[in-house]
Engineer: 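This structure is in structure tokens; I'll ask about it shortly.
Values reported hereafter were calculated over all heavy atoms of this structure, with side chains retained and with hydrogens, waters and symmetry mates removed.
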Amino acid sequence: MSIKKKALKSVVDNKIKTLNIIFRVLIVFMSVVVLYDAFVYGTPLYYMLFFFGGIVIGKLYLKLYSINKNEETGKFHLNSGILNIVITLVLLSLRFIFGKQILDSFEFQYTSDALYLFFIGLYKSKWKAIVHHLENKLFSNL
């Protein structure tokens with residue numbers, strides 16, 4: 001493990017560690033499903049645009065998240081506002097309620113793969129936003 005990763009792991013609270021595990025598990029699970037479908041059903045390559053769309057939408061989280069340091073414990077914790085909750089609810093409704101209907105209306109054949117790729121990109125981008133804020137806070141305090 002690199003020195004930077006060790007430094008980051010030693011100064012974050014449990015909420016950030018839990019988010020790390022959740023994002024990684026979701027990304028791995030969805031990637032396995034998409035790869036399976038790609039080999040078995042031949043998912044078209046242009047579906048990768050959904051992945052990049054998720055990354056673009058996930059860049060919003062650079063503005064939504066902030067990291068603060070708890071002076072008593074010396075650990076960093078994640079702050080998110082009401083806008084984060086609203087966007088999360090909109091994305092959940094997109095995933096479970098409207099996403100399939102929207103993609104079906106555009107006649108996409110593999111709607112679940114498209115949605116999985118979108119959320120893989122989104123989760124990857126969200127995690128990069130958190131790490132970006134952590135690195136800025138950690139290395140500005142040194």
Engineer: For residues Phe51 and Val32: do they belong to one hydrophobic cluster (side chain heavy atoms under 4.5 Å, members Ile, Leu, Val, Met, Phe, Trp, Tyr)?
Structural biologist: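 No.
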Engineer: Please check if Phe50 and Ile102 belong to a single hydrophobic cluster, counting links between Ile, Leu, Val, Met, Phe, Trp and Tyr side chain heavy atoms closer than 4.5 Å.
Structural biologist: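 Yes, Phe50 connects to Ile102 through the hydrophobic network.
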Engineer: Looking at Glu72 and Asn70, what are the two nearest heavy atoms and their distance?
Structural biologist: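 Scanning both residues completely, I find the closest heavy atoms to be N-OD1, 3.0 Å.
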Engineer: Mind listing the side-chain donor-acceptor pairs of residues 107-123 below 3.5 Å, one per line with the distance, residues two or more places apart or on another chain?
Structural biologist:
from	atom 1	to	atom 2	distance (Å)
Tyr110	OH	Tyr41	O	3.0
Thr111	OG1	Lys100	NZ	3.4
Asp113	OD2	Thr43	OG1	3.1

Engineer: Considering all heavy atoms of both residues, which atom of Lys69 and which atom of Gly74 are nearest to each other, and what is their separation?
Structural biologist: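 Minimum heavy-atom contact is CE-O, 3.6 Å.
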Engineer: Of all heavy-atom pairs between Gly54 and Ser125, which one has the smallest distance, and what is that distance?
Structural biologist: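 Residues Gly54 and Ser125, closest heavy atoms: O-CB, 4.4 Å.
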Engineer: Measuring from atom CG of Leu62 to atom NZ of Lys128, what distance do you get when rounded to the nearest 0.5 angstrom?
Structural biologist: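 Reported value, rounded in 0.5 Å steps: 11.0 Å.
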Engineer: When clusters are formed by joining ILVMFWY residues with side-chain heavy atoms under 4.5 Å apart, either directly or through shared neighbours, do Tyr36 and Met30 land in the same one?
Structural biologist: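 Result: yes, single cluster for both.
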Engineer: If Ile, Leu, Val, Met, Phe, Trp and Tyr residues are connected whenever their side-chain heavy atoms lie under 4.5 Å apart, and connections chain through other members, are Ile55 and Met48 in the same group?
Structural biologist: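 Yes, one cluster joins them.
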Engineer: Counting heavy atoms not belonging to Leu89, are there more than 12 under 6.0 Å from its CG?
Structural biologist: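 More than 12 within 6.0 Å, yes.
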Engineer: Count the heavy atoms of every other residue, nucleotide or ligand shown that sit under 6.0 Å from NZ of Lys59, and state whether that count exceeds 12.
Structural biologist: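 Count not over threshold, so no.
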Engineer: For a side-chain contact (heavy atoms from CB on, under 4.5 Å) with Leu78, tell me which candidate from Ile130, Asn84, Leu134 qualifies.
Structural biologist: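 Considering Ile130, Asn84, Leu134, a side-chain contact (heavy atoms from CB on, under 4.5 Å) with Leu78 is found only for Ile130.
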Engineer: Measuring from atom OG1 of Thr88 to atom CG of Leu83, what distance do you get when rounded to the nearest 0.5 angstrom?
Structural biologist: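 Nearest 0.5 Å value for the OG1-CG distance: 9.0 Å.
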Engineer: The test is side chain to side chain contact (heavy atoms under 4.5 Å, CB included); show your working for Tyr65 and His132 and say whether it passes.
Structural biologist: CA-CA 10 Å; Tyr65 286 144; His132 172 78; over 6 Å; no
Engineer: Can you tell me if Lys124 has over 12 outside heavy atoms packed within less than 6.0 Å of its NZ?
Structural biologist: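 No, because the 6.0 Å sphere around NZ of Lys124 holds 12 heavy atoms or fewer from other groups.
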Engineer: Say you draw a straight line from CZ of Phe76 to NZ of Lys137; how long is it, rounded to the nearest 0.5 Å?
Structural biologist: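 Phe76 CZ to Lys137 NZ: 7.5 Å, rounded to 0.5 Å.
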Engineer: What distance do Leu64 atom CG and His133 atom NE2 have between them, rounded to the nearest 0.5 Å?
Structural biologist: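 Here the rounded value is 8.5 Å.
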Engineer: Drop me the distance from Lys75's NZ to Lys15's NZ, to the nearest 0.5 angstrom.
Structural biologist: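 Spacing of NZ (Lys75) from NZ (Lys15) equals 16.0 Å.
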Engineer: Same hydrophobic cluster for Leu103 and Ile97, using side-chain heavy-atom links shorter than 4.5 Å among ILVMFWY?
Structural biologist: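 Same hydrophobic cluster.
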Engineer: Output the distance between atom CG (Leu60) and atom CG (Leu91), rounded to the nearest 0.5 Å.
Structural biologist: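 That separation rounds to 9.0 Å.
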